[in-house]
Protein chains: 2
Amino acid sequence: MSVKQHIKEYKRELVLEAAAKLFYEKGFQKTTIDDIGAALGVTKPFIYTYFENKYAILEQLFDQSYGDLYVDLTQVLNDKKGSAKDRLQRFVALYVAKNIEYQKFSAIMLEEEKSLSSKKIGDIRRKQRDFDARLARLIEEGASNGEFHVSDPMIASLAISGMVRWTHRWYSPQGRLSVADLTRTMSDLALNLVGCVRA
Amino acid sequence: MSVKQHIKEYKRELVLEAAAKLFYEKGFQKTTIDDIGAALGVTKPFIYTYFENKYAILEQLFDQSYGDLYVDLTQVLNDKKGSAKDRLQRFVALYVAKNIEYQKFSAIMLEEEKSLSSKKIGDIRRKQRDFDARLARLIEEGASNGEFHVSDPMIASLAISGMVRWTHRWYSPQGRLSVADLTRTMSDLALNLVGCVRA
DNA sequence: GATCCAATATACTGGGTAGTATATTTATTT
DNA sequence: AAATAAATATACTACCCAGTATATTGGATC
């Protein structure tokens with residue numbers, strides 16, 4: 001890739017970053033293209049050279065966030081090495097860490113789903129369901145080999161997703177807990193939740 | 001109250017109901033006053049006789065939803081009768097049931113918070129924190145008398161809130177589970193989560 | 001340093017929507 | 001049933017903002 005292309009790519013990233021910050025703070029609908037421009041000391045046509053329209057910015061943000069948040073996680077879920085307990089623990093720890101690291105994006109994905117096209121909403125929900133189903137399978141595995149004691153692995157999966165995804169709403173890096181504290185505590189709670197026999 | 005006043009009150013309710021449905025389906029910003037009117041077979045000035053502006057509708061919806069969802073729950077939390085286990089079980093069951101019963105409102109409260117004034121956001125968050133703290137106290141009580149085994153009651157409280165509040169996103173009354181099934185399963189999971197010694 | 005091209009700004013348009021002033025219908029009172 | 005009052009519709013205004021056509025600037029090439 002040429003230097004010029006790199007620079008173009010970089011500017012595009014800057015737009016995305018500024019947009020994410022504003023979408024997080026004020027919401028997608030209340031954020032104007034002028035706002036995004038102002039945040040970068042730039043005007044509207046600048047934005048429109050990198051994105052076809054306002055909606056395209058949001059869509060790219062979702063795609064990127066989904067990648068950042070879920071690709072590694074799915075890998076952990078698919079990895080068949082180790083006990084179900086170890087895998088669940090690792091999974092939840094990573095899930096929490098990612099949710100905190102990408103806090104802004106987690107929030108946007110949660111709160112701005114309705115701003116997407118119905119096609120995109122469908123895509124996202126389908127991926128989400130698939131993801132939840134994989135987690136359920138891991139829990140089921142642990143249940144069938146006696147590591148976990150849980151009556152409904154799917155509900156347990158959704159409960160864990162809920163408790164993890166909620167963290168972005170209350171966790172503050174300035175608070176009494178480090179991210180490491182949080183990931184440890186949350187993965188312990190998840191193991192409790194699935195009735196894991198503890199050491 | 002006179003018949004006239006009753007009717008006025010009732011019409012106001014109808015506006016709120018139609019608005020809630022639309023806010024749930026399309027979001028607050030994308031819903032126009034004309035949309036709400038059309039849903040009721042009525043025009044804009046009708047709406048404006050009952051609400052000062054669009055924002056007032058949302059605000060009232062939040063106030064009402066908060067009441068419907070949290071007043072009873074706070075009572076259960078404050079009730080000191082019975083073991084911590086029993087109280088937590090009852091609490092979670094009711095919390096889940098309410099979240100399902102008021103699904104639309106739960107969703108709106110979660111997704112449209114940014115559409116509120118910052119004053120109102122502050123109010124809501126304060127109440128929410130208070131609520132979470134009360135739940136944490138119940139968990140702490142159970143931990144100190146040996147019913148529960150949990151290292152950080154506040155985090156456990158937030159985890160439970162998260163797993164419950166997420167239900168509105170995936171539970172469908174048309175699915176394989178009745179509300180009763182769900183409340184039972186979820187309250188069991190919550191007891192697991194706090195490390196409750198089981199029978 | 002003149003020419004050209006790309007990047008970005010200025011200035012504009014059009015559509016949509018919140019809110020309102022005025023007209024009309026419907027109900028109430030006498 | 002005429003007069004009055006209340007409820008609601010029609011028709012309008014004003015503003016905001018996404019998106020664009022045109023102008024300008026600044027850097028690359030000769």
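Keep in mind that the numbers below use all heavy atoms, side chains included, and drop hydrogens, waters and symmetry copies. A, B, ... follow the sequence lines: proteins, then strands. Residue 1 opens every chain. The structure presented is a predicted model; accordingly, all values stated were derived computationally and were not measured.
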So, B:Q103 versus B:S106: side-chain donor-acceptor pair below 3.5 Å or not? no
Please give me the minimum heavy-atom distance between B:G195 and A:N192, naming the atom from each residue. N-ND2, 3.9 Å
For the pair A:D72 and A:K98, find out whether any cationic side-chain nitrogen is under 4.0 Å from an anionic carboxylate oxygen. yes
Taking N or O atoms only and anything under 3.5 Å, show me the protein contacts with nucleotides 6-10 of chain D, one pair per line.
unit_1, atom_1, unit_2, atom_2, d
D:dT8, OP1, B:K11, NZ, 2.7
D:dT8, OP2, B:Y50, OH, 3.3
D:dA9, OP2, B:T43, N, 3.1
D:dA9, OP2, B:T43, OG1, 2.6
D:dA9, O5', B:T43, OG1, 3.2

B:Y95 and B:F131 aromatic ring geometry - parallel, tilted or perpendicular at 30°/60° bounds: perpendicular
DNA chain D contacts made by residues 14-39 of chain B, counting heavy atoms under 4.0 Å: none
Presence of salt bridge, B:K26 and B:D35, under 4.0 angstrom: yes
Taking the six-membered ring of A:F46 as reference, does the cationic atom of A:K11 (NZ for Lys, CZ for Arg) lie under 6.0 Å from its centre and within 45° of its axis? no
Can you measure A:Y48 atom OH to D:dT20 atom P for me and round it to whole angstrom units? 7 Å
Gap between atom CG of B:D152 and atom CD1 of B:I139 - 0.5 Å precision: 10.0 Å
In whole Å, what is the span from the CD atom of A:E52 to the C1' atom of D:dT20? 13 Å
Provide, to the nearest angstrom, the distance between the OH atom belonging to A:Y10 and the C1' atom belonging to C:dA7. 18 Å
Figure out the CZ/P separation between B:F51 and C:dT20, and round it to whole Å. 16 Å
NZ of A:K54 versus P of D:dG19: gap in Å, rounded? 8 Å
Rounded to whole angstroms, how far apart are CZ on A:R12 and P on C:dA7? 14 Å
Taking every non-hydrogen atom, the tightest pair across B:V179 and B:Y171: N-OH, 3.3 Å
